[in-house]
Amino acid sequence: MNIEAKKLYKRMGLESRLTPLNKKLDKKMFYDFADIKQKEKNVISKFVERLELSYLLTPSTINIQPMINEEYHYEGVMFVTASLKEETLDKHVNVLEEVIHGALPHPVVITFTWQDQILISTCIKRLNKVNRAAVVLETIHRTNWIDDQITDSVKTAFLQSFQLVNLNFANFYEFYKDMDLTVEAFENAKTVGDFTIVKSDEEREQQLLLIQHIQEKELAISRLIAAIKKETQFNKKVEMNIKVQQLTMDIEQLKNNF
């Protein structure tokens, strides 16, 4: 097992509760996945060093009950470690996480390892109403790349919240949902400037709307800055700089509202 992934699983409390499987997953099993395209096969082939099932949580290995209904089928949780080659880019990670989440039947926590960093990806999945053997992915959430040598408030809060003792053991759906919300909070901290786990559906909708407004204003700022660099007339530069300052103030106000 990759040493950085091993540190994460130990910090979570997995190592003290379960014996790691460290079972290699053959890339060919993903090639046989019905929806995979040649481009995605190439990404797996070129940029994945090793895929392994590090831990498998089931009712027989941990005191958590399944949750099965017409929409969700949660009988366990898989922890998959994907060791990436040095030339891997973020766009390749995007492809890999969608393929892995979609191909494996259980909900999956993917730990990507690259150099000395890790990135965690989660995704709630529900049953396909047309094909009950298939799943439909909801929103994929992912952390930033986490460097064990760098400490900041968001990383510290995330790693604390991601420990097993802080997750809901009522059933595997609630257990996995807590992890997904924790990863989402890390992801959103880049925009809102703070790590906050939002569990209320209504509050999450409000947060997502707020994040959308912030990102729209950040995009407008980026476009204005690019335009300022090209502009030759001084008065127009001043006008655009004022707009940038106003948008920056708007963003700070939105973050304060959050």
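One is the number of the first residue; the rest follow in order along the sequence.
Side chain of E40 to backbone of K37: a donor-acceptor contact under 3.5 angstrom is found. At distances below 3.5 Å, not a single donor-acceptor pair connects side-chain atoms of S45 with backbone N or O atoms of K41. Side chain of N69 to backbone of Y72: a donor-acceptor contact under 3.5 angstrom is found. No side-chain donor-acceptor contact under 3.5 Å links K24 to the backbone of L53. At distances below 3.5 Å, not a single donor-acceptor pair connects side-chain atoms of H101 with backbone N or O atoms of E98.
Put simply, CD on E71 and CG on L127 are 8.5 Å apart, with the number rounded to the nearest 0.5 Å. Here the straight-line distance linking atom OG of S161 with atom CG of L167 works out to 9.0 Å at 0.5 Å rounding. To the nearest 0.5 Å, the span separating CD1 on I118 from CG on L84 amounts to 12.0 Å. Taken to the nearest 0.5 Å, the CD1 atom of I211 stands 3.5 Å off from the CG atom of N188. The line from CE of M67 to CZ of F172 is 12.0 Å long, rounded to the nearest 0.5 Å. Note that CG of L25 and CZ of R50 are 8.5 Å apart. Values are rounded to the nearest 0.5 Å.
Proximity of Y9 to E15: side-chain heavy atoms (C-beta onward) are nowhere separated by under 4.5 Å. Here the side chains of I68 and E75 are in contact, with some heavy-atom distance below 4.5 Å. V108 is listed as a side-chain neighbour of K125, based on a closest heavy-atom distance under 4.5 Å. Taking 4.5 Å as the limit, some side-chain heavy atom of K27 sits within range of a side-chain heavy atom of V48.
Qualifying ring-ring contact (aromatic ring centres under 6.0 Å, His included) partners for H73, counting only residues two or more places apart in sequence or in other chains: none. Every residue two or more places apart in sequence or in another chain was checked for a ring-ring contact (aromatic ring centres under 6.0 Å, His included) with F112, and none qualifies.
Hydrophobic clustering (side-chain heavy atoms under 4.5 Å, transitive across Ile, Leu, Val, Met, Phe, Trp, Tyr) keeps Y74 apart from V136. Hydrophobic clustering of Ile, Leu, Val, Met, Phe, Trp and Tyr side chains at less than 4.5 Å, counting indirect connections, unites F162 with F169. Both I251 and I225 belong to a common hydrophobic cluster when Ile, Leu, Val, Met, Phe, Trp and Tyr are linked at side-chain heavy-atom distances under 4.5 angstrom. I242 and V244 fall into different hydrophobic clusters, where Ile, Leu, Val, Met, Phe, Trp and Tyr side chains are chained together by heavy-atom contacts under 4.5 Å. Side-chain heavy atoms closer than 4.5 Å link hydrophobic residues (I, L, V, M, F, W, Y) into clusters, and following such links, even through other members, never connects M249 to I214.
A salt bridge is absent between E52 and K23; no separation between the charged side-chain nitrogens and carboxylate oxygens falls under 4.0 Å.
The 12-atom threshold is not exceeded at CD of E86, counting heavy atoms of other residues, nucleotides or ligands nearer than 6.0 Å. The number of heavy-atom neighbours closer than 6.0 Å to CD of Q38, taken from other residues, nucleotides and ligands shown, is above 12. Annotation for K155: atom NZ counts as buried by contact number, over 12 foreign heavy atoms lying within 6.0 Å. Within a 6.0 Å radius of NZ in K10, no more than 12 heavy atoms belonging to other residues, nucleotides or ligands are found. Around NZ of K190, the count of heavy atoms belonging to other residues, nucleotides or ligands within 6.0 Å exceeds 12. Taking a 6.0 Å sphere around CD1 of I3, one finds it holds 12 or fewer heavy atoms contributed by other residues, nucleotides or ligands.
In summary, of the residues considered (T111, V154, V183), a side chain to side chain contact (heavy atoms under 4.5 Å, CB included) with T143 occurs for V183 alone.
Applying the ring pair (Phe, Tyr, Trp, His ring centres under 6.0 Å) test to every pair with at least one member in residues 184-221, sequence neighbours left out, gives these pairs: F158-F186. For residues 231-245, the set of pairs meeting the side chain to side chain donor-acceptor pair (under 3.5 Å) definition, not counting sequence neighbours, is empty. Pairs passing the side chain to side chain donor-acceptor pair (under 3.5 Å) check and including a residue from residues 166-182, sequence neighbours excluded, read T122-D180, H141-D180, D178-K199. Residue pairs meeting the side chain to side chain donor-acceptor pair (under 3.5 Å) criterion with at least one partner in residues 214-230, sequence neighbours excluded, are Q212-E216.
Note on ring orientation: taking the six-membered ring where Trp is involved, the planes of W114 and W145 are tilted (angle from 30° to 60°).
The closest side-chain donor-acceptor pair between S83 and E49, if any, does not fall under 3.5 angstrom.
Closest heavy-atom contact between V135 and G102: CG2-O, 3.9 Å. Between E187 and R142 the shortest heavy-atom distance is CB-O, 3.3 Å.
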